[in-house]
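Heads up: the structure comes next, in structure tokens.
When a ligand or atom number is given, it counts from 1 through the structure's own listing order. All values reported here derive from a predicted model rather than from experimental measurement. Side chains are part of it too, since the values below use all heavy atoms of this structure and drop only hydrogens, waters and symmetry mates.
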Amino acid sequence: MPARILDGIKIAADIRSEVAAEVKSLVAAGVRPGLAVVLVGHNPASEVYVRGKVKACQEVGIYSERHSPDETITTAALLALIEDLNRRDEIDGILVQLPLPAQVDSKKVLMAVDPAKDVDGFHPVNVGFLSTQRAGLVPCTPAGVMEILKRSGIPIAGREAVMVGRSDIVGKPVAMLLLNANATVTVCHSKTRDLPAVCRRADILVAAMGRAGMVTRDFIKPGATVVDVGINKVTDPAQFHRLFAGDKKREEIFRSKGSTLAGDVHPEVAEVAGALTPVPGGVGPLTIAMLMYNTIKAAQMRRGMLSPELAR
Ligand code: NDP
């Protein structure tokens, strides 16, 4: 039986409407949550992401503002902007779109964001809160992975979970969230020996490597849940053929656009897995939904409106 497809678009829409309802009651209580997005320069991919974030804010009723300093900005000038946003009470969330230009000290800038407004959850204070199970802001994509699992009724406690990838943005926080949810967690990376064998232990396999279609059927325990975080642009016809030969819809897209988006998981995995997130339409849509969620969570936590239990 082919894997059940876990619909990230539907789950993200549910979260966004829950956030919109929450925003309404916050506004009725005199609080309008606000998000400031800082986009340095004109990176086309970043422009697309930022537009999506600002539009999502409008849809759920969150105030948003965009700051677009020139790409020649200095670290000092960017720090001054962050300090100003930290001070302003009507701003609950500050998001600095990465990557920053080479002359800017990215770590210094991310460290300068007030942890209470760090809606990306990248500040070491929030990383520490996550690893010690304290209330804080959790990175958006990893939080989205957990929402997909929970809202799809996938049991986590006591299960074997394997996380492939150990980045600060995805792999490590996903591993920590799974551990906090009582899974038995293994974290893999480029030096892991016999990756397919380690992955075959997984009841829940999360892939975030940035390697198109690398997770093939021999990585999968039959019936496992597979979450594909990878987003890879495939332009090479041979690679396209390896992944999508016979998929008429994809072939059409590839022919007209010269590229298609692929996850880290090979489509053949659908024949072995129990449940699978597609790319596109799986984890991707959750990232912005969780950013909206984090912004209202920040607004509530800053004002002492969330109990520490709920804030976790
Ligand atoms: P990074 O490049 O920072 O990390 C990749 C990780 O994968 C590293 O830990 C690396 O190991 C590991 N890795 C790479 N190749 C292999 C291999 N052959 N075998 C085993 N492990 C390997 O990427 P990110 O974590 O930032 O992103 C991962 C993917 O997720 C990308 O495709 C990205 O586009 C996507 N993404 C999607 C988001 C979404 O909204 N859906 C959001 C963020 C990312 P090592 O540490 O040893 O180098």
As a check for students: among [options], identify the option with a heavy atom nearest to [atom].
| atom | options | result |
| --- | --- | --- |
| atom 4 (O) of ligand 1 | Ser167, Pro285, Gly263 | Ser167 |
| atom 6 (C) of ligand 1 | Ala208, Gly210, Cys199, Pro142 | Ala208 |
| atom 34 (O) of ligand 1 | Ile231, Ile169, Val227, Ile288 | Ile231 |

Find all atoms of ligand 1 within a distance of less than 4.0 Å from any non-hydrogen atom belonging to [X], and give their numbers and elements.
| X | answer |
| --- | --- |
| Val229 | 30 (O), 35 (C), 36 (N), 37 (C), 41 (N) |
| Gly165 | 6 (C), 7 (O), 9 (O) |
| Leu195 | 19 (N), 20 (C) |
| Met214 | 17 (C), 18 (N), 19 (N) |
| Val170 | 25 (O), 43 (C), 44 (C) |
| Asn232 | 32 (O) |
| Thr287 | 39 (C), 40 (O) |

May I ask you to check whether Ser259 and Thr235 show a side-chain donor-acceptor distance below 3.5 Å?
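No, because no side-chain N or O of Ser259 sits under 3.5 Å from a partner of the opposite role on Thr235.
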
Below 4.0 Å from any atom of ligand 1, is there a heavy atom belonging to Gly284?
yes

I'd like to know if Thr192 contacts ligand 1, where contact means a heavy-atom distance under 4.0 Å to any ligand atom.
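No heavy atom of Thr192 comes that close to ligand 1.
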
Please answer whether the main-chain N or O of [Y] pairs with a side-chain N or O of [X] as donor and acceptor at a distance below 3.5 Å.
| X | Y | result |
| --- | --- | --- |
| Asp114 | Asn86 | no |
| Glu268 | Arg217 | yes |
| Asn294 | Val119 | yes |

Compute the shortest N/O to N/O distance between Ser190 and ligand 1 and return yes if it is under 3.5 Å, no if not.
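Right, the criterion is met.
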
What do you reckon, does Asp264 have a nitrogen or oxygen under 3.5 Å from a nitrogen or oxygen of ligand 1?
no

If you apply the rule side-chain hydrogen bond (donor to acceptor under 3.5 Å, both in side chains), what do you find for Tyr63 with Glu65, and how did you get there?
CA-CA 7 Å; Tyr63 165 76; Glu65 59 184 39; 2.4 Å; yes

Output all residues satisfying side chain to side chain donor-acceptor pair (under 3.5 Å) with Lys117, sequence neighbours left out; order by chain, then residue number.
none

If you look only at pairs with a residue in residues 120-131, which of them pass as a salt bridge (Lys or Arg N to Asp or Glu O under 4.0 Å), with sequence neighbours excluded?
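Pairs touching residues 120-131 that pass the test: none.
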
Any cation-pi pair here, Arg134 with Phe129, using under 6.0 Å and within 45°?
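Cation-pi check for Arg134 and Phe129: fails.
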
